[in-house]
Amino acid sequence: MPPSLPSAPGTPPGEPTIELVVGRIGKPHGIRGEVTVDVRTDEPERRFGDGAVLRAEAPRGSSSPLRSVSVVRTRWHQGVLLATFAELPDRNAAEAARGLLLHATVPADATPDDPDEYYDHQLVGLAVHDLDGTELGTVTALVHGGAQDLLTVRTPSGREGLVPFVKALVPEVDLVARRVVVADRPGLVTPLPEDA
C-alpha cells in the first residue's frame, strides 16, 4: 500500500489526495533568488499562488537538500513564469535548486476549472474506442510535449501508439463512462497495413 500523502490545503485530514507535477525550477533570474519555472500545469495561477507549498523532487545527481518550497510571489515576464520561493534567498541557492520538479497535492476528486482539461490520473486507464465504437485499447500514460500532449494507447496485442491529445483526434472524453474516443487513422493506434 503506498504511503498516504499529506492533505491538500482545504482538504479534511484523511481525505484521499493525489500529487500533480506542476513545474520544474529553471535558471536563476537576477541575483535575489528569483527563478524561471517550466510550467507543467494548465492552472499556474492556482498552483503557484502566494503561500502555496510544493513538494520538491531533486533530479538524479542533484545535491539540493530541498524537499519542499513555499511560493512567496510569482510574475510573468515575456511569457515565462518567474517565481520567488522562501527557501531560495539568493542566486547561489537558486542555481542549486535548478531542475527540481515541483509537485502539488490536491484532493483525489479534484478537477481542473476548465471542463476541456483533465489531470493525467483521470485519463490513465480509460478505454479507447474509435468513432464506430470499436475498442482500440487503453490509455496507459500522458506524455507532455512542447507542442501538445500525447495519449499513450496500448492495444490488446501490446502495441503502443501515441495520439496527439487534440480535439480533431480525440473528440470525446467521457470520465463517467471511463472511455475516450479517438479518430483513429492507420499508423496512429492501429498498425499500417504493411505492419499488420
Side-chain angles (χ1 to χ4, degrees), residues 1-24 38-48 52-60 68 100-192 195-196:
M1 190 173 201
S4 63
L5 299 170
S7 294
T11 303
E15 285 292 316
T17 60
I18 57 158
E19 271 195 338
L20 306 172
V21 174
V22 295
R24 185 181 59 79
D38 173 18
V39 176
R40 306 225 179 134
T41 175
D42 292 328
E43 305 171 302
E45 291 77 16
R46 187 175 182 185
R47 301 296 166 219
F48 292 96
V53 177
L54 304 170
R55 185 175 74 81
E57 177 186 351
R60 180 174 286 156
S68 67
L100 290 179
L101 273 179
L102 304 174
H103 301 257
T105 302
V106 300
D109 61 353
T111 58
D113 290 337
D114 185 332
D116 288 330
E117 293 175 0
Y118 306 92
Y119 293 137
D120 294 14
H121 74 278
Q122 293 176 299
L123 299 170
V124 172
L126 297 184
V128 179
H129 296 263
D130 67 11
L131 295 171
D132 297 326
T134 303
E135 189 165 348
L136 299 173
T138 305
V139 176
T140 58
L142 193 66
V143 178
H144 298 281
Q148 66 203 12
D149 294 336
L150 302 167
L151 293 177
T152 302
V153 177
R154 182 179 307 247
T155 66
S157 67
R159 180 180 189 277
E160 285 197 343
L162 294 174
V163 178
F165 194 30
V166 295
K167 197 75 164 170
L169 294 174
V170 185
E172 181 185 337
V173 176
D174 187 339
L175 296 179
V176 175
R178 305 277 309 142
R179 63 181 242 144
V180 296
V181 174
V182 170
D184 193 26
R185 292 161 172 80
L188 195 57
V189 176
T190 55
L192 293 167
D195 295 336

Chemist: Quick one: are Arg47 and Val106 in side-chain contact, heavy atoms under 4.5 Å?
Modeler: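 The answer is yes, as the side chains (C-beta and beyond) meet within the 4.5 Å cut-off.
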Chemist: At their closest point, which heavy atom of Gln148 faces which heavy atom of Val166, and how far apart are they?
Modeler: OE1-CG1, 3.8 Å
Chemist: Sub-3.5 Å donor-acceptor pair from the side chain of Arg159 to the main-chain atoms of Val189, do we have one?
Modeler: yes
Chemist: Check Thr105, Val21, Leu102 against Leu54 for a side chain to side chain contact (heavy atoms under 4.5 Å, CB included) and give me the one that passes.
Modeler: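 For Leu54, the side chain to side chain contact (heavy atoms under 4.5 Å, CB included) check succeeds only for Leu102.
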Chemist: Could you check whether any side-chain heavy atom of Pro164 comes within less than 4.5 Å of a side-chain heavy atom of Leu188, counting everything from C-beta outward?
Modeler: yes
Chemist: Is any side-chain heavy atom of Leu151 closer than 4.5 Å to a side-chain heavy atom of Asp149?
Modeler: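 Heavy-atom side-chain distance check fails, nothing below 4.5 Å.
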Chemist: Indicate every side-chain donor-acceptor pair of residues 169-178 with a distance under 3.5 Å to a residue at least two apart or in another chain.
Modeler:
| unit_1 | atom_1 | unit_2 | atom_2 | d |
| --- | --- | --- | --- | --- |
| Asp174 | OD1 | Val176 | N | 3.2 |
| Asp174 | OD1 | Ala177 | N | 3.0 |

Chemist: For Arg40, what residues pass the salt bridge (Lys or Arg N to Asp or Glu O under 4.0 Å) criterion, not counting sequence neighbours?
Modeler: Asp38
Chemist: Is a side-chain N or O of Arg154 found less than 3.5 angstrom from the main chain of Thr152, in a donor-acceptor match?
Modeler: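 Between the backbone of Thr152 and the side chain of Arg154 there is no qualifying donor-acceptor contact (under 3.5 Å).
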Chemist: Please tabulate, for the side chains in residues 121-130, all donor-acceptor contacts under 3.5 angstrom to protein atoms that are two or more places apart in sequence or on a different chain.
Modeler:
| unit_1 | atom_1 | unit_2 | atom_2 | d |
| --- | --- | --- | --- | --- |
| Gln122 | OE1 | Tyr119 | N | 2.7 |
| His129 | ND1 | Gly133 | O | 3.1 |
| Asp130 | OD1 | Asp132 | N | 2.9 |
| Asp130 | OD1 | Gly133 | N | 3.0 |
| Asp130 | OD1 | Thr134 | N | 2.9 |

Chemist: What are the two closest non-hydrogen atoms of Leu136 and Pro156, and how far apart are they?
Modeler: O-CD, 3.4 Å
Chemist: From the options Val153, Thr140, Thr155, select the one residue that forms a side chain to side chain contact (heavy atoms under 4.5 Å, CB included) with Glu160.
Modeler: Thr140
Chemist: Might you point out which heavy atoms bring Ala183 and Ala168 nearest each other, and give the distance in Å?
Modeler: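 Taking every non-hydrogen atom into account, CB-O, 3.7 Å.
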